[in-house]
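Data first, discussion second: the structure below is written as structure tokens.
Note that the coordinates shown come from a computational prediction; the quantities given were computed from them, not determined experimentally.
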Amino acid sequence: SHIAAYHYKKKNPDVVWYAEFSDPLYMGTDGELRKTSKMYVGEKAYLNDFWKNVENMVYELADHIIFTNANQREYMLEKNPDIGLYNDIYERSIVSEQPMTDSRYCNLVKTTLYFEPTNINIAYFGTFYAERKESDFLRILQNEKACLHIFSNKTSIDLAPEFMQYSSRIRLYPIVPFFEMLNICTKMDYLLL
């Protein structure tokens with residue numbers, strides 16, 4: 001969407017462009033530079049820094065640049081080597097945290113799932129990305145009262161040998177509808193984000 005907005009802004013400079021970064025583009029979610037590739041024009045090879053170029057399009061022309069928190073803004077601006085080309089980024093930037101859902105929505109749909117109150121119930125909702133491995137949960141499970149409830153696109157996990165001793169405290173569920181998820185959150189002691 002940033003690319004389309006950039007080209008629209010170039011043709012319509014009077015339009016006010018609010019660009020939001022929910023995540024860094026130039027750096028991947030694993031904290032590493034996104035891979036670059038070679039792009040050929042005729043016989044000449046160029047390095048294609050696609051993600052950095054998209055970020056720079058925003059820095060160049062967006063009237064307002066929205067970051068979801070101050071740490072994200074510092075991280076993104078620190079990592080991009082071209083940032084010195086854009087002197088007024090801080091003046092154009094806005095830190096706007098993700099909105100909080102009103103608590104009244106947490107009871108619209110009551111879950112039928114039961115969670116043992118004597119456990120320390122911990123929920124994880126989401127997808128398992130390359131950098132989010134099952135081993136990330138191992139430290140939590142070392143607490144013998146911890147019960148990990150995973151709501152994910154994965155309905156089975158091939159447990160590594162070190163997880164087998166904790167398998168009785170790992171619960172796997174399919175992804176649940178949004179309002180049920182909110183209700184489940186009220187029953188958890190912790191959420192793993």
Side-chain angles (χ1 to χ4, degrees), residues 1-2 19-35 51-52 54-55 65-80 93-193:
S1 61
H2 292 309
E20 179 186 359
F21 286 121
S22 54
D23 291 301
L25 297 180
Y26 179 50
M27 301 295 291
T29 56
D30 58 1
E32 300 292 326
L33 288 174
R34 290 190 192 261
K35 294 198 175 8
W51 296 109
K52 182 173 73 169
V54 172
E55 258 189 37
I65 306 165
I66 302 169
F67 297 92
T68 56
N69 62 67
N71 291 337
Q72 176 203 15
R73 176 175 62 185
E74 296 306 316
Y75 177 78
M76 289 179 67
L77 298 182
E78 173 187 295
K79 296 294 183 182
N80 190 318
S93 73
I94 300 167
V95 173
S96 178
E97 296 177 1
Q98 300 287 352
M100 295 291 290
T101 303
D102 190 296
S103 62
R104 66 186 164 157
Y105 294 107
C106 295
N107 291 307
L108 288 178
V109 174
K110 303 273 189 193
T111 187
T112 58
L113 298 174
Y114 174 76
F115 306 102
E116 183 63 51
T118 57
N119 290 336
I120 300 171
N121 290 296
I122 303 163
Y124 173 76
F125 295 90
T127 303
F128 283 87
Y129 296 102
E131 65 282 345
R132 169 62 69 191
K133 295 186 174 46
E134 291 87 358
S135 60
D136 293 342
F137 303 122
L138 189 59
R139 192 167 21 135
I140 291 168
L141 291 167
Q142 290 173 349
N143 181 322
E144 62 190 39
K145 292 189 81 53
C147 185
L148 185 59
H149 304 272
I150 300 173
F151 298 84
S152 177
N153 58 329
K154 273 188 156 184
T155 54
S156 68
I157 296 177
D158 296 327
L159 292 177
E162 63 267 25
F163 276 91
M164 293 311 291
Q165 62 183 315
Y166 307 119
S167 62
S168 65
R169 293 186 285 115
I170 300 173
R171 311 281 191 276
L172 299 173
Y173 309 91
I175 293 173
V176 293
F178 180 72
F179 289 117
E180 184 179 359
M181 183 265 310
L182 290 179
N183 186 250
I184 291 168
C185 288
T186 67
K187 301 175 183 325
M188 292 292 122
D189 297 295
Y190 297 96
L191 300 176
L192 183 60
L193 304 175

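- Under a 3.5 Å cut-off, the side chain of Asn119 and the backbone N or O of Asn121 do not form any donor-acceptor pair.
- Listed by first and then second residue, the side-chain hydrogen bond (donor to acceptor under 3.5 Å, both in side chains) pairs involving residues 182-193 are Asn107-Asn183 (not counting sequence neighbours).
- Nearest heavy-atom pair across Glu55 and Pro24 is OE2-C, 4.1 Å.
- The minimum heavy-atom distance linking Gly126 with Ser152 is given by the pair O-OG, 2.9 Å.
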- prompt: Yes or no on side chain to side chain contact (heavy atoms under 4.5 Å, CB included) for Arg73 and Val95, after CA distance, side-chain angles and deciding distance?
  reply: CA-CA 8 Å; Arg73 176 175 62 185; Val95 173; 3.8 Å; yes
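- Using a 4.5 Å heavy-atom cutoff, the side chains of Leu33 and Met27 are in contact.
- With sequence neighbours excluded, no residue satisfies side chain to side chain donor-acceptor pair (under 3.5 Å) with Glu20.
- More than 12 heavy atoms of other shown residues, nucleotides or ligands fall within 6.0 angstrom of atom CD in Gln142.
- Applying the salt bridge (charged side-chain N to carboxylate O under 4.0 Å, His left out) test to residues at least two apart or on different chains, the pairs with a partner in residues 101-125 are Asp102-Arg104.
- In this structure, OH on Tyr75 lies 12.5 Å from CG on Asn69, to the nearest 0.5 angstrom.
- Applying the ring pair (Phe, Tyr, Trp, His ring centres under 6.0 Å) criterion to Tyr26, with sequence neighbours excluded, gives no partner residue.
- Summarising the geometry of Lys145 relative to Thr118, their closest heavy-atom pair is NZ-O, 3.0 Å, with the distance given to 0.1 Å.
- For the pair Leu148 and Arg171, the minimum side-chain heavy-atom distance is 4.5 Å or more.
- The OG atom of Ser93 sits 8.5 Å away from atom CD of Glu74, with the distance rounded to the nearest 0.5 Å.
- In terms of the ring pair (Phe, Tyr, Trp, His ring centres under 6.0 Å) criterion, residue partners of Phe115 (sequence neighbours excluded) are, by chain and number, His149.
- Of all the heavy atoms in Ile66 and Ser96, the pair that sits closest is CG2-CB, 3.9 Å.
- Note that the OG atom of Ser167 and the CG atom of Leu172 stand 10.5 Å from one another [nearest 0.5 Å].
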Residue pair Leu113, Tyr173: steps toward the side chain to side chain contact (heavy atoms under 4.5 Å, CB included) verdict: CA-CA 10 Å; Leu113 298 174; Tyr173 309 91; 3.9 Å; yes
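- For the pair Leu182 and Thr101, the minimum side-chain heavy-atom distance is below 4.5 Å.
- Counting only heavy atoms from C-beta outward, the side chains of Pro177 and Glu180 approach each other to under 4.5 Å.
- Under the rule for a side chain to side chain contact (heavy atoms under 4.5 Å, CB included), the partners of Arg169 that lie at least two apart in sequence or sit in another chain are Leu141, Ala146, Tyr166.
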message: Evaluate Ile175 against Phe125 for side chain to side chain contact (heavy atoms under 4.5 Å, CB included), listing each step before the verdict.
response: CA-CA 7 Å; Ile175 293 173; Phe125 295 90; over 6 Å; no
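- Closest approach of Phe151 and Val176 over heavy atoms only: CD2-CG1, 3.9 Å.
- You'll find the side chain of Ile65 stays beyond 4.5 Å of the side chain of Ile94, heavy atoms only.
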message: Would Cys147 and Ile120 count as a side chain to side chain contact (heavy atoms under 4.5 Å, CB included) here? Give the steps.
response: CA-CA 6 Å; Cys147 185; Ile120 300 171; over 6 Å; no
